[in-house]
Amino acid sequence: MTQTVIPEPIRPTIPVKGGGVFPVRRVYCIGRNYAAHAIEMGHDPDREAPFFFQKNAENLDPSGTFPYPPMSADVHHEMEMVVALKSGGRDIAQGDALNHVYGYGIGLDMTRRDLQGQMKKAGRPWEIGKAFERSAPVGALSPVAAVGHPDHGRIALSVNGEVRQDADLNQMIWKVPEMIAYLSQYYDIAAGDVIMSGTPAGVGPVVRGDVMVGTIQGLGELKVVVV
Ligand code: MN
């Protein structure tokens, strides 16, 4: 066996309801997947093909706390459904796509909006605004065996008890099978890949001390404290 020359990095995992952990390989995030959010960000939702960016696997954080990140004064919450894949491939057909899903969860695509905005304006990549430390708080996954494939139902986020985001999963522009099929045209999709399926309207800033509570019908609740 070949010895590693530095200490082995920790493999990121997401807990699973009922026991066990889901090991994470990649994190794909879709942009502007709810029309009302695309409009609030200044875009026309009818004219866009889907687009994705990535976070790092170790950005996922099931701890229930979100440390306010450095180098930003405008960090936003984006409440999203998380899709976790148990298998993959290339050129996956939409009709076969859901067979690759292990389970679903609740996640937050926390965003340094000021830095993302600067990068957008300059035509540069978004990573500095999106893929930072602990930028994706996530709850325990619910296996498909327990919850099926949620394609409708309330998705909502409150901050300090005030509802900020409130929509229905059926308002996604690109549905889960379409996202998997699309991604598989460009990438080798594989077990351990996670898709963050986009945020509804109502994104906004948080400050230290805020308590975010996200809910998705059938998937329970995610509580995250900003520290
Ligand atoms: Mn997002």
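Atoms considered below: every heavy atom in the structure, side chains included; atoms not considered: hydrogens, waters and symmetry mates. Each ligand, and each atom within it, is numbered from 1 in the order the structure gives.
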Ring centres under 6.0 angstrom apart (Y186, F52): no
side-chain contact (heavy atoms from CB on, under 4.5 Å) with N99: which residues, sequence neighbours excluded?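 Here the qualifying residues are D96.
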If we count only N and O atoms by modelled type, under 3.5 Å, do the side chains of Q165 and H77 hold a donor and an acceptor together? yes
Please list, one pair per line, the donor and acceptor atoms closer than 3.5 Å that link side chains of residues 5-20 to other protein atoms, with sequence neighbours excluded.
unit_1: R11; atom_1: NH1; unit_2: V24; atom_2: O; d: 3.4
unit_1: K17; atom_1: NZ; unit_2: L219; atom_2: O; d: 2.7

Here the Mn ion (ligand 1) sees protein N, O or S atoms within less than 2.8 Å, and their number is 3
Here the gap from R154 atom CZ to N170 atom CG, rounded to the nearest 0.5 Å, amounts to 13.5 Å
Could you name each residue pair satisfying side-chain hydrogen bond (donor to acceptor under 3.5 Å, both in side chains) that touches residues 128-140, not counting sequence neighbours?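 Qualifying pairs, neighbours excluded: K55-S135, D61-R134, S63-R134, T65-R134, E78-K130, D109-K130, T111-K130.
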